[in-house]
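Below is one structure; the comments refer to it alone.
One is the number of the first residue; the rest follow in order along the sequence. All values derive from a computational prediction rather than experimental measurement.
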Amino acid sequence: MFDVLIEACRDEAAGTVAEILQFFLEECELEQAPDAATVLQCRDILSARGGKFQRLAQMCQDWLDESLPEPN
């Protein structure tokens, strides 16, 4: 289901990726939200793209930090 999200992170312009990420990480219903593994993969792809994609990679990391339970 999240192949489109991953492909966008690989291929699309930063503005398009930002819109897609905002939807999936902040606006969609909980049932539609990506799992942590998908967001982690997006973060790594965006980080590797560098430049203006770094901010988007940080957006993914922030979501992971907020969504994953703290280790005991």
Which atom pair, heavy atoms only, marks the closest approach of [X] to [Y]?
{"X": "L25", "Y": "M59", "answer": "CD1-O, 4.1 Å"}
{"X": "C9", "Y": "R49", "answer": "O-NH1, 2.7 Å"}
{"X": "E27", "Y": "Q22", "answer": "OE2-NE2, 3.2 Å"}
{"X": "Q41", "Y": "I6", "answer": "OE1-CD1, 3.2 Å"}
{"X": "C42", "Y": "L5", "answer": "SG-CG, 3.6 Å"}
{"X": "W63", "Y": "P34", "answer": "CH2-O, 3.4 Å"}

[atom1]-[atom2] distance between [X] and [Y], expressed to the nearest 0.5 angstrom:
{"X": "L56", "Y": "T16", "atom1": "CG", "atom2": "OG1", "value": "10.5 Å"}
{"X": "I20", "Y": "E7", "atom1": "CD1", "atom2": "CD", "value": "10.5 Å"}
{"X": "R55", "Y": "D62", "atom1": "CZ", "atom2": "CG", "value": "11.0 Å"}
{"X": "R10", "Y": "F53", "atom1": "CZ", "atom2": "CZ", "value": "13.5 Å"}

**OP:** Verify the cluster assignment for L46 and F24: are they in a single hydrophobic cluster under the rule of side-chain heavy atoms below 4.5 Å apart?
**Re:** yes

**OP:** Flag yes if I45 and F23 sit in one hydrophobic cluster, no otherwise; membership is Ile, Leu, Val, Met, Phe, Trp, Tyr, and two members link when side-chain heavy atoms are under 4.5 Å apart.
**Re:** no

Subject >> From CA spacing to verdict: side chain to side chain donor-acceptor pair (under 3.5 Å), T38, D35 >> reply: CA-CA 5 Å; T38 301; D35 60 11; 2.6 Å; yes

